[in-house]
Each structure stands twice: as C-alpha cells, then as structure tokens.
Amino acid sequence: MPRLRRVPREEVADPLTAFFYDRLLTGDGTATGSPGDWWEVFALDPAILRHCVKGFQLYRESALDPVLRELGQTRAGWARQSRFVYSQHCKQMRAIGVPEEKIQAVASWQVSTVFGELERAVLAYTDALVLDGGRVHDEVFAVLKKHLPDEQILELTYITCMYEMHATMARALRVEFDDRDDPITEVPAPEGYGTRDIADELA
C-alpha cells in the first residue's frame, strides 16, 4: 500500500482532480494496468496535482522529437530504479512506434547497436543527469548541440529531470508499481552460526 492516504472519489472537491479521477480511474486501476494510486495520493494536495499536470502539458507544447523525449524518460525510470516510470514509458514508446528492440535495449544502451548518434547522446545525457547529478561531459553535450537547438536541449533537460523527480517520489511514497519492498536486506546466517568475528574465521 502507498505510504500516504489515498483520497476516495467521494472526498474529491477540486474540479480538475475530479476530472482526472473520472477520466482515468476505474475500480480496477487505470487503462495501462497500474493501480491508479498515484492520482489518489497526489489528490491530497490539489495544488501539487495541478502543478504535475501542467508539467505533463509540456508534451503538447514541446518541439522535441517524442522519441528522444521518451528515451530520456524511460532511461530515467530505469536509472532511478522506478518500476512505475520505466514501465509506463516503455508503453508510451510502443504507442509512438518505437521498435521493440530499442525499447528492450534502453536498459543496456551502452553496449547496444540499435541507437543512432543522437539517441546515444540522449541516453548518456540522461545517465549524467540522473546518476551523476548533472555532471555532463563536454563530448556528450557537443553531440546534443550538433543535432538539437538550444531550446530543445533545455526541454530535454527539464522533462528528463521532471521524470527523475516522479521516479524518486514514486519510490519514496510506494505508489503504483513502486509499492514493493526494498530488495537489499540481510541474508540470515545459517542456524547455529555464532557471533565470532569473521576475521577469526579466516585466521
């Protein structure tokens, strides 16, 4: 279950929030198969939900190639370890006609031969934003500059970072496909194992 309260439909007073509930949510979640609890948690604060939805509006206004946009978002989900963001944007890549071999290769793009120069630069840029905290090598940025105007590089940066934020929040709040236990836990020692220092065992 999400870590924050889910707002039931009967408590929704904000018209925009109600619009999305009625348009996107069914008794079984959403059309993409997710539980839909992202909307129910973000409904706790209609101002935040409204801000998020305005961010989504960038898709309709951006001049950036949707394939490049989705490469950034999908890789951001993978790099930030958000099953929700990664899954949703794999689906979106299919919806805009990206070949399946490219979708599957996002996870291992560094050794894949299916991406062109600009696509590889977008994926490298995404890793620099998400994994390296914005530390971008000049050679990566030079390829972006070779192919894209400054305005589209700004759009790519903003949208990718926005989805890193969504990936981080989904994991922290345990919404949608990120409602899962942390896989890093202690593996129990065999029964009867003592409390001796491991160094003593190796001596």
Rounded distance [0.5 Å steps], [atom1] in [X] versus [atom2] in [Y]:
X	Y	atom1	atom2	answer
Arg3	Arg171	CZ	CZ	10.0 Å
Met165	Thr160	CE	OG1	13.0 Å
Arg9	Asp22	CZ	CG	4.0 Å
Leu58	Glu155	CG	CD	7.5 Å
Leu24	Tyr21	CG	OH	11.0 Å

Query - Polar contact flag, side-chain donor to acceptor under 3.5 angstrom, Gln104-Glu100 - result: yes

Return the minimal non-hydrogen interatomic distance between [X] and [Y], and the atom names on each side.
X	Y	result
Leu144	Ala121	CD2-CB, 3.9 Å
Val122	Gly72	CG1-N, 4.1 Å
Thr126	Ala76	CG2-N, 3.6 Å
Ala128	Val136	CB-CG2, 3.7 Å
Val106	Arg75	O-NH1, 3.0 Å
Asp178	Ala167	OD2-O, 4.5 Å

Query raised in the report: Is there a side chain to side chain contact (heavy atoms under 4.5 Å, CB included) between Gln88 and Glu176 once you walk through the steps?
Result: CA-CA 10 Å; Gln88 295 301 87; Glu176 305 290 349; over 6 Å; no

Query raised in the report: Do Asp132 side-chain atoms and Gly134 backbone N/O form a donor-acceptor pair below 3.5 Å?
Result: no

Report task. Report yes or no: does Thr157 contribute a side-chain atom to a donor-acceptor pair with the main-chain N or O of Ile153 at less than 3.5 Å? Result -> yes

Should the pair [X]-[Y] be classified as a salt bridge under the 4.0 Å nitrogen-to-oxygen rule?
X	Y	answer
Lys146	Glu117	yes
Glu11	Arg5	yes
Arg50	Asp14	yes
Glu119	Lys102	yes
Asp181	Arg174	yes

Would you indicate whether [X], at its atom [atom1], is surrounded by more than 12 heavy atoms from other residues, nucleotides or ligands within a distance under 6.0 Å?
X	atom1	result
Trp39	CH2	yes
Glu191	CD	no
Phe56	CZ	yes
Glu61	CD	yes
Arg135	CZ	no

Is any side-chain heavy atom of [X] closer than 4.5 Å to a side-chain heavy atom of [Y]?
X	Y	value
Val175	Leu4	no
Glu151	Leu64	no
Asp127	Gln110	yes
Thr168	Glu164	yes
Arg69	Gln92	yes
Phe177	Pro35	yes
Leu71	Phe115	yes
Cys52	Trp38	yes

Cluster check [X], [Y]: I/L/V/M/F/W/Y, side chain < 4.5 angstrom:
X	Y	answer
Phe19	Val12	yes
Leu156	Leu129	yes
Ile159	Val140	no
Phe20	Leu173	yes
Tyr125	Met93	yes

Query raised in the report: Taking Lys91 as the fixed residue, which of Thr74, Thr32, Ile103 is the one that meets the side-chain contact (heavy atoms from CB on, under 4.5 Å) rule?
Result: Thr32

Requested in this report: Step by step, work out the side chain to side chain contact (heavy atoms under 4.5 Å, CB included) result for Tyr86 and Gln73.
Outcome: CA-CA 8 Å; Tyr86 176 72; Gln73 290 170 295; over 6 Å; no

Requested in this report: Please assess Ser112 against Ser108 for the test side chain to side chain donor-acceptor pair (under 3.5 Å), listing each intermediate value before the final yes or no.
Outcome: CA-CA 6 Å; Ser112 173; Ser108 57; 6.0 Å; no

Query - Step-by-step side chain to side chain contact (heavy atoms under 4.5 Å, CB included) determination, Ile48 to His51 - result: CA-CA 5 Å; Ile48 290 177; His51 187 272; 5.5 Å; no

Report task. Run the numbers on Leu49 and Val53 for side chain to side chain contact (heavy atoms under 4.5 Å, CB included), then give the verdict. Result -> CA-CA 6 Å; Leu49 187 138; Val53 172; 3.9 Å; yes

Query raised in the report: Under 6.0 Å between the ring centres of His166 and Phe84?
Result: no

